[in-house]
Amino acid sequence: MGDDLDDELRRLFSDDRLDVHVTPDATDAVLRGADRRRRRRSAVTTAFAVVTLIGAGIGLTQLPSSTDRTAGDLLPTSLPTSSSTPPSPSVSTITQTTIVTVNPPTPNSNGNTPGTPGGTTGSSSTKPRTTTPPAPPPAEPGAVGKLALGMSEADALKTGSLVEPSSPADAEGRCVAYATTTVPDSNATIISPARGIVRLTLPSYAKTQRGVGAGSKVADVKTSYPTATQNGSELRVEMAATPKWTYVFETDGVTVTTVRMRLNANDCSMA
Amino acid sequence: MTAVLQLESAAERGGGRAEAVGDFAEFVRMSMPGLLRYGHALTGNPHDAADLVQSVLEKVGSRWMSVQGKGDDPLAYVRRAMANTHISIWRRRRRESLVADLPDSGAVAPELSRLENEPLWQALRELPPRQRAVIVLRYYENLSEAEIANALGISCGTVKSQSSKAMASLRTRLGKD
């Protein structure tokens, strides 16, 4: 009985009467419809992108008005929106305030996540504001945007600044590497399971507090950071922050190509 | 400089898209008769088959490059999409059919009217969409249970139970039990 039904179904489905006549313009109708859908989708995507850009633009225009804390957030990445010449007045202003805000933790704090933006910029910022001259060794917050050295992978992912998926950053597969929303290099950020973020890469448009970024001359690096040491084609500048970290300026011998922050106490071979 | 590069890449994209459109047009021409027939089996009537085929092909065509990039057989992809669309979002809209050209009166197509009068065909049309899809994939497409489960995104157990319910319903309606 069951076999009968099986056979009947197969016979029915192979019946010529299932054929449906195709109109001559059937293909054109489908092509027109597909094109209409594609254009509608790209219009929606474009509108979304425009809204996002406007939102980002509004966010950026809000930045200068939102006091020291915001400056600390974005910190070493002073955006070259105001001028193309590095030592612009606004940049130097930011440098002074933030350096001051980061200095206090060194002598008197326990150093928990000193690189975290915002955490060091409390009421104490007013006191040291009088001690303006930056003394060597320099101290800058080890943070790029919302990412900070020492931050755990989970916290870093929460910021939305990492671009998944990650890739292994050492032979053992312990450490992982991510590109970021501002740096497409897949090794832009390296995270150790034990130490958190051990490497951060600055976006190509960003500059350190002392105005060094991709495109700066090697001589300018040495002028801005007299404590810089040469290591092959790299220049390294250790920061007086806790935990200790180092600026690594990769160069082609003449100009800086990439600026990275590297946690001194890191356990990832690639960092 | 950047603007020039952007223009060049846009031109490349444009050229690639024109090629993809030509490729998709050829795919539609070749596969349309088979898809309409398959849609007829799935939906139980040629009007809905035409709408289903058009709707799925439009969606697939609007993403043709990425569909091809998946590496699957595009025809198998379209058939899976048709089965799933029929089950999940198919509304029996009777919009103007752009694909099928069907005679208005039964007198012009006596074969079709005889199909409509077949008890098994009528019993199939009474099945819920998913049970019907399982039967079509099993007996029209000759797919295994695992392949049906994969195509519809359901478990093998669900395929078995749907198939068994469908066959029981068909037997009951045909008075075979």
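Per chain, numbering begins at 1; letters A, B, ... match sequence-line order.
Side-chain atoms of A:Arg260 never come within 3.5 Å of backbone atoms of A:Ala188 as a donor-acceptor pair (strictly under, hydrogens ignored). Counting only distance, with no hydrogens or angles, the side chain of A:Arg37 and the backbone of B:Ser62 share no donor-acceptor pair below 3.5 Å.
A salt bridge links B:Glu118 with A:Arg11; the closest basic N to acidic carboxylate O contact falls under 4.0 Å. A salt bridge does not link A:Asp35 with A:Arg32: none of the charged nitrogens is closer than 4.0 Å to a carboxylate oxygen.
A donor-acceptor contact closer than 3.5 angstrom is absent between the side chains of B:Glu126 and B:Gln122.
Ranked by heavy-atom pairs under 4.5 Å with chain B, the first of A:Asp16, A:Leu9, A:Leu31, A:Leu18 is A:Leu18.
In terms of the side-chain contact (heavy atoms from CB on, under 4.5 Å) criterion, residue partners of B:Glu26 (sequence neighbours excluded) are, by chain and number, B:Arg29, B:Met30. With sequence neighbours excluded, the residues satisfying ring-ring contact (aromatic ring centres under 6.0 Å, His included) with B:Trp64 are B:Phe24, B:Phe27.
Proximity to chain A (any heavy atom under 4.5 Å) is shown, for B:Val136, by both the backbone and the side chain. Contacts of A:Leu12 with chain B are made by side-chain atoms alone, with heavy-atom separations under 4.5 Å and no backbone atom involved. Residue contact with chain A, scored on non-hydrogen atoms closer than 4.5 Å, involves the side chain of B:Leu124 exclusively. Proximity to chain B (any heavy atom under 4.5 Å) is restricted, for A:Arg36, to the side chain, taken from C-beta onward. Contacts of A:Arg39 with chain B are absent, with no heavy-atom separation under 4.5 Å from either backbone or side chain.
Applying the side chain to side chain contact (heavy atoms under 4.5 Å, CB included) test between A:Thr180 and each of A:Asp185, A:Thr201, A:Val144, A:Leu147 identifies A:Leu147 as the sole match.
Listed by first then second residue, pairs satisfying ring-ring contact (aromatic ring centres under 6.0 Å, His included) with a partner in residues 160-190 of chain A number zero, not counting sequence neighbours.
Near-neighbour residues of residues 140-156 of chain B relative to chain A, defined by a heavy atom under 4.5 Å from a heavy atom of that chain, comprise B:Tyr140, B:Asn142.
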